[in-house]
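Accompanying notes for the structure given below.
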Amino acid sequence: AALHLGPFILDAGGLHEQVHEVVDMVEKPRPEKAPSNLAVIGRYVLSPRIFPLLEETAPGKVKKQELMSGHTTFRTGGPAEFFVTPDSAEMTARLIGLCKEEKIPYYMIGNGSNLLVGDRGIRGVVIQTQKEMQQIRTEGNVIRAQAGGLLSKIAAEALANGLTGFEFAAGIPGTLG
């Protein structure tokens with residue numbers, strides 16, 4: 001799986017890493033003078049109502065201008081315009097629906113391993129599942145894990161329950177989804 005965040009794509013690609021430089025979003029020229037109550041993000045002009053909509057969808061889980069350097073293992077990255085840590089799959093789905101409806105770019109991240117973010121940061125909404133969605137449980141020979149579950153913890157859960165086939169993930173620092 002590959003993530004597009006700013007000018008880079010980082011592809012964990014299983015057990016090896018490849019960094020591909022990509023063309024950033026095609027931007028329309030920014031308005032010469034945007035009204036002072038609007039935030040201009042690339043080609044998007046976000047009205048002052050976006051933060052309250054995000055807060056309504058994910059109460060207490062939304063931050064503005066959150067530095068991504070605190071959320072990546074490489075400790076790099078400028079601010080995300082909006083940073084959200086949903087606590088359920090339902091909340092995540094509502095956030096994605098809101099972003100699609102409002103035509104706001106959004107990016108999903110786990111624990112930020114193998115993720116490079118430029119100093120200019122990220123336009124739009126970053127949705128991080130790792131902080132709040134880490135539940136892992138075993139039901140017979142099935143492991144159920146939320147998107148934020150660390151692969152190493154899922155592998156440990158499999159081992160503890162005598163399940164095989166997930167040993168390869170024991171040393172991978174990423175999350176499931």
Side-chain angles (χ1 to χ4, degrees), residues 1-20 22 54-55 57-100 104-119 121-177:
L3 291 176
H4 173 212
L5 295 176
F8 293 97
I9 284 183
L10 191 71
D11 180 1
L15 298 178
H16 66 281
E17 299 169 6
Q18 298 173 346
V19 179
H20 305 278
V22 297
L54 289 168
E55 256 306 309
T57 305
K61 306 286 185 184
V62 183
K63 295 179 182 178
K64 293 183 196 178
Q65 297 297 315
E66 178 74 359
L67 286 177
M68 290 302 297
S69 59
H71 301 283
T72 65
T73 56
F74 291 118
R75 299 294 179 229
T76 63
E81 182 67 18
F82 299 105
F83 187 88
V84 189
T85 54
D87 59 15
S88 69
E90 296 77 20
M91 184 182 287
T92 303
R94 288 192 310 270
L95 284 164
I96 291 169
L98 173 66
C99 290
K100 286 181 176 181
I104 301 168
Y106 67 94
Y107 306 93
M108 302 290 299
I109 68 168
N111 69 337
S113 60
N114 300 327
L115 182 63
L116 296 174
V117 179
D119 290 339
I122 299 173
R123 296 178 203 104
V125 179
V126 172
I127 301 170
Q128 184 181 45
T129 58
Q130 188 264 334
K131 297 283 187 217
E132 301 280 341
M133 298 175 59
Q134 298 183 28
Q135 185 179 21
I136 302 166
R137 68 180 187 279
T138 303
E139 298 171 359
N141 65 350
V142 175
I143 294 178
R144 300 205 185 275
Q146 290 182 306
L150 290 170
L151 294 175
S152 58
K153 288 188 177 184
I154 297 169
E157 179 77 9
L159 178 64
N161 287 281
L163 301 174
T164 61
F166 209 69
E167 298 85 354
F168 72 91
I172 299 175
T175 57
L176 181 62

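Between E81 and Q65 there is a side-chain heavy-atom pair separated by less than 4.5 Å. Residues F168 and L151 fail the side-chain proximity criterion, which asks for heavy atoms closer than 4.5 Å. Proximity of L95 to Y106: side-chain heavy atoms (C-beta onward) are nowhere separated by under 4.5 Å.
Minimum heavy-atom separation, T92 to P86: OG1-CG, 3.2 Å. Residues Q128 and N111 share a closest heavy-atom pair of NE2-CA, 4.2 Å. Shown here for S152 and A170, the closest heavy-atom pair between the two residues is CB-O, 3.3 Å. When all heavy atoms are compared, the tightest approach of F74 to L115 is CD1-O, 3.6 Å. Of all heavy-atom pairs between S88 and M91, the closest is OG-N, 3.0 Å. Pairing each heavy atom of A147 with each of T175, the nearest pair is O-CB, 3.6 Å.
A distance of 4.5 Å separates CG in D87 from NZ in K61, rounded to the nearest 0.5 Å. Between atom CD1 of residue I154 and atom CG of residue L176 there is a gap of 4.5 Å, rounded to the nearest 0.5 Å. Rounding to the nearest 0.5 Å places CD1 of I127 at 8.5 Å from CG of L54. Taken to the nearest 0.5 Å, the CD atom of Q130 stands 9.0 Å off from the OG atom of S113.
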Would you check, one step at a time, whether the test side chain to side chain contact (heavy atoms under 4.5 Å, CB included) holds for F82 with K63?
CA-CA 6 Å; F82 299 105; K63 295 179 182 178; over 6 Å; no
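Listed by first then second residue, pairs satisfying side chain to side chain donor-acceptor pair (under 3.5 Å) with a partner in residues 69-80 read E66-H71, not counting sequence neighbours. Every pair passing side chain to side chain donor-acceptor pair (under 3.5 Å) that includes a residue from residues 138-149 is listed here, sequence neighbours excluded: R137-E139, T138-E157, T138-N161, E139-R144.
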